[in-house]
Amino acid sequence: MEVTRIGVVGLGAMGAGIAQVAVEAGFAVVGREVTDELGETAAARIGHFLTRKVEKGQRTQDERDAAVARLETTTDLAALADCDLVIEAIVEELDPKRALFAALERTCRADAVLATNTSALSVTEIAAATSSPGRIVGMHFFNPAPLMPLVEVVRAELSSDDAVETAVAVVAQFGKVAVPCHDTPGFVVNRVLIPLLNDCVRVLDEARVTPEALDAAMTNGAGWPMGPCTLVDLVGIDVHVHASEALYEKLREPRMAPPPRLVAMRNAGLLGRKSGRGFYAY
Ligand SMILES: NC(=O)c1ccc[n+]([C@@H]2O[C@H](COP(=O)([O-])OP(=O)(O)OC[C@H]3O[C@@H](n4cnc5c(N)ncnc54)[C@H](O)[C@@H]3O)[C@@H](O)[C@H]2O)c1
């Protein structure tokens with residue numbers, strides 16, 4: 001299906017980034033938040049990032065203004081009625097997502113594709129809250145969405161070929177890389193990366209190395225672009241622990257469980273870059 005108008009529900013860290021990517025790619029975007037103020041704050045943030053691009057010579061002022069003009073924010077779900085594709089990026093909890101998809105099914109055209117940006121929930125379980133699960137897929141962006149090229153396009157048990165193909169085509173129009181995959185815990189990247197990062201944290205204590213030394217080992221010995229402690233600090237220790245717990249709950253593999261050292265850091269408020277202290281001080 002040809003997509004020209006995209007809805008984004010939830011304009012937090014991910015949704016605002018996705019809305020930015022979509023307006024930059026030329027789509028008309030309707031962003032839905034719970035209050036006018038949150039919608040306006042997100043629109044202002046997107047405008048600010050696009051102004052920075054003009055300052056850096058990456059966009060002209062006209063391109064920036066045209067992109068900003070393609071974004072409309074609302075608190076009214078009915079404003080999404082004409083969207084060809086809706087991408088959901090609200091809180092990572094099953095019940096609110098299922099309630100939202102049931103409401104989207106009542107609001108949107110029958111041929112609209114509905115996508116969730118969930119990291120760790122089952123797309124199939126979200127789709128089961130509707131009577132038209134064929135049009136529901138996962139579109140898993142990475143943080144920050146404007147910078148990270150990958151989008152995992154997740155095929156749930158009942159997703160139609162058409163819905164998957166529409167999502168893959170839109171990702172290409174965004175100038176990003178789509179990796180289609182099936183609906184399994186952690187999809188592709190987190191299924192590999194989360195236990196690997198947990199192993200790295202356990203090695204800190206087992207091999208008695210410092211975070212600096214471990215990061216030096218993995219960047220110089222394994223060619224990682226960034227050391228694991230730097231990466232966990234960037235992702236957020238709370239976010240990583242939450243994702244680990246979700247994967248462990250589903251797969252019951254010991255490597256998926258968050259190492260006690262990370263849980264203790266999370267409990268102490270050492271969340272990494274965003275709190276000013278994690279493995280490193282910022
Ligand atoms: N942060 C990440 O690194 C990351 C990466 C990939 C995917 N995700 C996923 O993206 C989703 C959003 O994560 P986030 O980090 O952007 O969260 P966030 O808390 O920054 O943003 C969520 C936003 O949704 C809004 N919201 C809540 N319910 C709503 C509703 N019914 N309608 C409209 N808006 C609503 C909130 O006001 C908030 O602004 C989650 O499913 C998360 O798992 C997050």
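In listed order, ligands and their atoms are each counted from 1. Since this is a predicted model, take the numbers as computed values, not measurements. Side chains included, hydrogens not; waters and symmetry mates left out as well; all remaining heavy atoms used.
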Side-chain donor-acceptor pairs under 3.5 Å in residues 5-18, sequence neighbours left out?
none

Scan the side chains in residues 97-106 for donor-acceptor partners under 3.5 Å anywhere in the protein, sequence neighbours excluded, and list what turns up.
residue	atom	partner	partner atom	Å
Lys97	NZ	Glu88	OE1	3.4
Lys97	NZ	Glu88	OE2	2.4
Lys97	NZ	Ile90	O	3.2
Lys97	NZ	Val91	O	3.4
Arg98	NH1	Glu125	O	2.6
Glu105	OE1	Ser131	N	3.1
Glu105	OE2	Ser131	N	2.8
Glu105	OE2	Ser131	OG	2.8
Glu105	OE2	Ser132	N	2.9
Glu105	OE2	Ser132	OG	2.7

Ion pair check, Lys274 and Asp238, cut-off under 4.0 Å: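 Yes.
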
Show me the donor-acceptor pairs, under 3.5 Å and distance only, between side chains in residues 136-156 and residues at least two apart or in other chains.
residue	atom	partner	partner atom	Å
His140	ND1	Glu152	OE1	2.9
His140	NE2	Ser119	OG	3.4
Glu152	OE2	Val188	N	3.3
Glu152	OE2	Val189	N	2.8
Arg155	NH1	Asp161	OD1	3.1
Arg155	NH2	Asp161	OD1	3.1

>> We want to know whether Asp215 and Tyr280 form a side-chain donor-acceptor pair, criterion being a heavy-atom distance below 3.5 angstrom.
In response: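 Per modelled atom types, Asp215 and Tyr280 side chains form a pair under 3.5 Å.
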
- Task: Measure across Gly186 and Leu247 and return the closest heavy-atom pair with its distance rounded to 0.1 Å.
- Result: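 Smallest interatomic distance, heavy atoms only, reads N-CD2, 3.5 Å.
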
Worksheet entry | Amino acids in close contact with ligand 1, where any non-hydrogen atom sits under 4.0 angstrom away |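 For ligand 1, the residues that come within the 4.0 Å heavy-atom cutoff are Val9, Gly10, Gly12, Ala13, Met14, Arg32, Glu33, Val34, Leu38, Ala89, Ile90, Glu92, Lys97, Asn117, Thr118, Ser119, His140, Phe141, Asn143.
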
